[in-house]
Amino acid sequence: MKVHGKPTRAVWLEPDACAVGIIDQTRLPHAFVTARLETLDEAAHAIRAMRVRGAPLIGATAAYGVWLALRADASDAALTRALAVLGETRPTAVNLHWALEEMRRVLTPLRPVERVEAAKRRAAELCDEDVAINRALGEHGLKLLEAAWEKKGRKGRLEVLTHCNAGWLATVDFGTALSPIYLAHDAGLPVHVWVDETRPRNQGSQLTAWELGQHGVPHTVIADNVGGHLMQHGQVDLCIVGTDRTTAQGDVANKIGTYLKALAAKDNGVPFYVALPSPTIDWRLRDGVREIPIEQRDGSELSDVTGRLASGEVATVRVTPEGSPSANYAFDVTPARLVTALITERGVCPASEAGLRSLFPERAEVRP
Ligand SMILES: CSC[C@H]1O[C@H](OP(=O)(O)O)[C@H](O)[C@@H]1O
């Protein structure tokens with residue numbers, strides 16, 4: 001997407017071809033800061049510390065992280081170590097593990113001298129594939145938004161609620177849940193977005209709000225607990241969220257709080273859509289609540305809040321009592337029964353094994 005009028009991706013190969021460029025998302029919205037990753041450890045830290053985050057972007061950055069590692073040492077041992085170090089950065093987003101498996105598949109058979117160029121090429125391909133997937137997903141999602149606007153009689157605004165950040169900052173470009181919203185806005189549809197702040201890392205209030213503001217999409221930041229009230233009072237026409245891992249039967253892991261939004265949507269008859277690029281499908285799993293690993297992060301992300309003082313200085317303050325521990329679960333799982341439909345790059349389908357098979361018949365026979 002454009003930042004200050006310049007087309008920008010969330011990760012890129014630096015012009016000197018010696019490093020990977022990223023937007024340091026821990027600095028947004030108060031500062032737009034880019035950074036160079038030059039080593040495996042810098043790439044791993046960027047993912048772990050959420051300087052880059054979002055399932056597709058984590059996968060793309062990890063793929064480039066393998067390239068950075070092989071630039072220093074392209075031996076079998078170095079490749080094995082790179083895959084292990086990057087694989088341990090975050091557990092829930094399956095895109096990380098899918099991208100690393102893809103790099104393993106491509107690089108293992110090669111001679112070390114061939115691996116560096118092959119790794120750079122495959123990482124770049126994965127980035128371009130992500131962008132193409134997100135564009136296609138956006139087109140399919142746009143049809144749902146247009147249908148909702150027609151159903152509403154084309155009156156007022158199309159009120160969409162989203163949780164966390166599944167915009168272009170969560171991917172290489174265009175985003176997943178926000179992709180149809182951008183297309184709808186650009187097509188002149190009067191869409192308005194209720195942006196869940198998404199405690200504790202505030203990906204909604206700090207990243208989604210920033211993205212939508214940059215693109216001129218009307219939006220309102222709300223506390224995480226407001227969505228149910230808005231749905232009860234007819235102020236939400238549909239919900240659309242991203243996902244970090246969706247099982248073969250349509251159970252959806254996404255940022256903590258998504259499940260509660262889906263319950264409120266079900267109770268109020270509000271359509272609840274999940275933007276699902278196919279690399280985020282884990283075909284090996286079925287029961288998401290039981291099988292998807294849920295990341296637990298440091299409690300300081302809950303007890304401390306970072307923001308800008310009146311002086312303009314950015315500071316971090318503690319908001320909980322010194323003696324109170326914090327539990328920081330980063331994801332939850334929304335059972336397929338609460339999902340109205342899955343929006344993929346191949347079309348929209350029910351959140352079910354049959355639904356996913358209908359769009360991905362080549363995966364029908366994949367079993368653990
Ligand atoms: C398009 S994936 C976006 C997905 O990733 C976010 O998690 P995190 O910010 O912790 O990486 C969140 O679950 C979003 O829905």
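Both ligands and their constituent atoms are indexed starting at 1 by order of listing.
Taking only nitrogen or oxygen atoms, main chain and side chain alike, Gly54 reaches within less than 3.5 Å of ligand 1. The shortest N/O to N/O separation between Thr176 and ligand 1 does not fall below 3.5 Å. Looking at Thr171 next to ligand 1, no N or O pair under 3.5 Å apart turns up.
Glu211 and Asn165 form a side-chain donor-acceptor contact under 3.5 Å, judged by distance and modelled atom types alone.
Contacts with ligand 1 closer than 4.0 Å are made by no heavy atom of Ala275, backbone or side chain. For Gln203, every heavy-atom contact with ligand 1 shorter than 4.0 Å involves the side chain, none the backbone. At a heavy-atom distance under 4.0 Å, only side-chain atoms of Met50, from C-beta outward, approach ligand 1.
The Thr243 neighbourhood of ligand 1 comprises atoms 2 (S), with distances under 4.0 Å to a heavy atom of that residue. Near Asn165, meaning under 4.0 Å from any of its heavy atoms, are these atoms of ligand 1: 3 (C), 4 (C), 14 (C). Within ligand 1, the atoms closer than 4.0 Å to a non-hydrogen atom of Pro56 are 1 (C), 2 (S), numbered from 1 in the order shown.
Relative ring orientation between Trp210 and Phe32 is described as parallel, the plane-to-plane angle staying below 30° on a 0-90° scale split at 30° and 60°. The aromatic rings of His192 and Trp194 sit perpendicular to each other, their planes meeting at more than 60°, with 30° as the lower class boundary.
A salt bridge between Glu125 and Arg122 is present, with a side-chain N of the basic residue lying under 4.0 Å from a carboxylate O of the acidic one.
Identified under the salt bridge (charged side-chain N to carboxylate O under 4.0 Å, His left out) test for residues 45-71, with sequence neighbours left out: Asp24-Arg51.
For Arg104, the side chain to side chain donor-acceptor pair (under 3.5 Å) partners at least two apart in sequence or on another chain are Glu101.
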